[in-house]
Amino acid sequence: MTNHVLLAAVSSLVISLLPGGVAGAAAPPQTITWAPCPEDTTAECGTLKVPIDWDTPGGATVDLAVARRKAATPDARVGSLVVNPGGPGGSGVDFVVHGSSYFSAELRGRFDIVGFDPRGVGRSHPVTCSAALVRERPHPLIKNQTDMDAWVSFNQRLREDCRARTGPLYDRVSSLDVARDVEALRAALGDDKLTYYGVSHGTLIGQAYAERFPGKVRALALDSNFDHSVNTASYLNTTATHTAGAFDQFVTWCEATASCALNGKDIRAFWKRLLERADRGELHEPGLPDVPMGAYELVDTAFAGLYNPNWEELAQMLIAIDTGGPYPAASAEKDEGDEEVRVSTPVFCQDFHLPVADYTQYASLLRRQAPRARDMRYSPPALSRIAGCLGQPTPIPNPQHRLRVDATPPILLASSLNDPATGYLWTLSTAEQIGAEARVLTYEGSGHSVYGRSECTMGAVDRYLISQSVPATGVRCPEAGDAQPQRGRALDWIEVAHTVSPAPARSCQRRGRDTLPSVPRTT
């Protein structure tokens, strides 16, 4: 993932697999030795040792990288707030070292903000694979049985390569494994119960924790939820619906906003003509005349602009694509010199089994979801993930199921109405599965993640985390006065759409998809 905010590695944290036992359930908790972080000495860094396989705690272990910023108002401290910024592949250490100002000053005053790199990610023994092999990745849109066979073969070769380079941890990176790590982290921090904020894929960690450790929950704020009960068909259908709704909001905004580059045009007709030109092979990446842009890449570009959303930038990008003119920030990704790359595909594939028997079934699934996707045709991240998990060994460590959560304190689930990635339908279905313990906070706007969208959303989450004050049933926060969300995002560690990027970086893709929104500053 190409970041527009350069993140240096924490060089002093050496992550390695170590033989030897760890404490069992009845043993004292592990401890964390804290030291100033090399990148920013106002934050503290350390490691937490956990077993690779929690069912065999006497076996090999892995050191998890952890970082924290202590509560700014110690006398009013509530405890630790454990954070996961999503992905899969997001670094909680980077979040704390570089971006904990995402949270309000009040929240930072009352909690130690604690982030960790989940097993297999970042500084916690990342899953590594051959860069040359990754570059052989087939196109995410499968067009025939030959394409499907190529994906199954590629996935098998990639698994074998990554497993050989990564070691036994490769098969133990699911969100359920991470939830058990979070319980060890809670104990090591000395908190009686867990206070947690997770966004996007990080909501799966919170859901798994609530199922496995209900008595240890203090407060779980789950922002932009994955539905961990979907099968292949419902996964495609719901993601198509989410993507179409987000595109509708872009059209509505552009038609009503004079500054939109497409204002005054029939935007849907313009978009349809672009898709038809893409189908005929007439488009190329803006600023990259030698790089063709097919329909999948065009839809993927639009999806990226809908993500934050970056509507103004998306309209400008579409004009550049239409005219063939340059787009200033367009650039190709350069990784030819790398021998290894980090890949988060195994995390998703160990959380979701989305089988497709053959191309006939694949084509049928696409036809059925097409009316829901409307202008967008499909959700590119959904197709990419399904392709990337084809042929995965079963059973998987953390298979889909209806959530079984009981006897926890209230759990807050937040979502925007028009999130193209982990959409509103998923939050509603997750809340229905959790039952009486769930409370939904709705943001009546667009974009992925809710917390920093408005004072209303931020205040509701803050009150819940600090005092366990639960919003009223059905509470809704109106769209912020500036419907086009803020720019200058502080964080760049979310990898929601693609576990391995198949295309050149596009400006609105990288700034739109891979970041959390900034927070209105409070003092």
Side-chain angles (χ1 to χ4, degrees), residues 1-2 135-144 147 150 239-240 243-244 246-251 253-255 260-335 363 366-367 369-370 373-384 387 420-421 497-498 500-514:
M1 180 173 66
T2 303
R135 288 192 290 269
E136 296 178 17
R137 182 180 191 260
H139 194 279
L141 180 60
I142 296 171
K143 297 181 178 180
N144 49 51
D147 287 352
T239 54
T243 303
F247 186 83
D248 289 345
Q249 294 304 304
F250 163 67
V251 172
W253 172 84
C254 198
E255 289 174 342
C260 175
L262 293 171
N263 183 258
K265 297 180 181 290
D266 184 334
I267 298 168
R268 295 187 195 275
F270 171 86
W271 172 251
K272 181 181 179 182
R273 288 193 297 272
L274 270 187
L275 279 171
E276 291 169 348
R277 292 180 62 196
D279 288 334
R280 295 193 296 267
E282 298 174 1
L283 302 181
H284 61 78
E285 296 275 351
L288 302 170
D290 296 330
V291 181
M293 173 178 275
Y296 177 93
E297 287 73 31
L298 179 62
V299 175
D300 191 42
T301 296
F303 181 95
L306 302 173
Y307 185 85
N308 253 344
N310 286 337
W311 290 332
E312 183 174 317
E313 186 177 350
L314 172 58
Q316 295 168 355
M317 175 72 83
L318 294 181
I319 291 290
I321 292 169
D322 180 50
T323 62
Y327 191 83
S331 62
E333 293 191 358
K334 303 291 186 181
D335 64 355
L366 286 192
R367 285 194 302 270
Q369 62 89 57
R374 303 194 302 276
D375 298 281
M376 289 289 282
R377 292 191 177 179
Y378 36 68
S379 165
L383 296 190
S384 178
H498 295 306
V500 181
S501 179
R506 292 181 285 278
S507 175
C508 66
Q509 175 173 337
R510 292 307 169 195
R511 283 184 287 193
R513 177 173 306 162
D514 299 334

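A donor-acceptor pair shorter than 3.5 Å cannot be found between the side chains of H284 and E297.
The shortest non-hydrogen separation linking P292 to D290 is CD-O, 3.5 Å. Nearest heavy-atom pair, M317 versus T301, reported as atom, atom and distance to 0.1 Å: CG-CG2, 3.7 Å. In terms of heavy atoms, M293 sits closest to L298 at CG-N, 3.9 Å. Closest heavy-atom contact between P420 and T243: O-OG1, 3.7 Å.
The main-chain N or O of P380 is never found under 3.5 Å from a side-chain atom of S384 such that the two would form a donor-acceptor pair.
Counting heavy atoms from C-beta on, the side chains of L383 and T239 never come closer than 4.5 Å. Within the 4.5 Å cutoff, the side chain of W311 has no heavy atoms near those of the L262 side chain.
Between E255 atom CD and F250 atom CZ the span is 10.0 Å, to the nearest 0.5 Å.
Annotation: side chain to side chain donor-acceptor pair (under 3.5 Å) contacts of R367 (sequence neighbours excluded): none. D375 is linked by a side chain to side chain donor-acceptor pair (under 3.5 Å) to R268, counting only residues two or more places apart in sequence or in another chain. By the side chain to side chain contact (heavy atoms under 4.5 Å, CB included) test, A240 pairs with Q369, R372, A373, sequence neighbours left out. Scored by the side chain to side chain donor-acceptor pair (under 3.5 Å) test, E136 finds R157 as partners (sequence neighbours excluded). The side chain to side chain donor-acceptor pair (under 3.5 Å) test applied to D322 returns R277, not counting sequence neighbours. In this structure D147 satisfies the salt bridge (charged side-chain N to carboxylate O under 4.0 Å, His left out) test with no other residue, sequence neighbours excluded.
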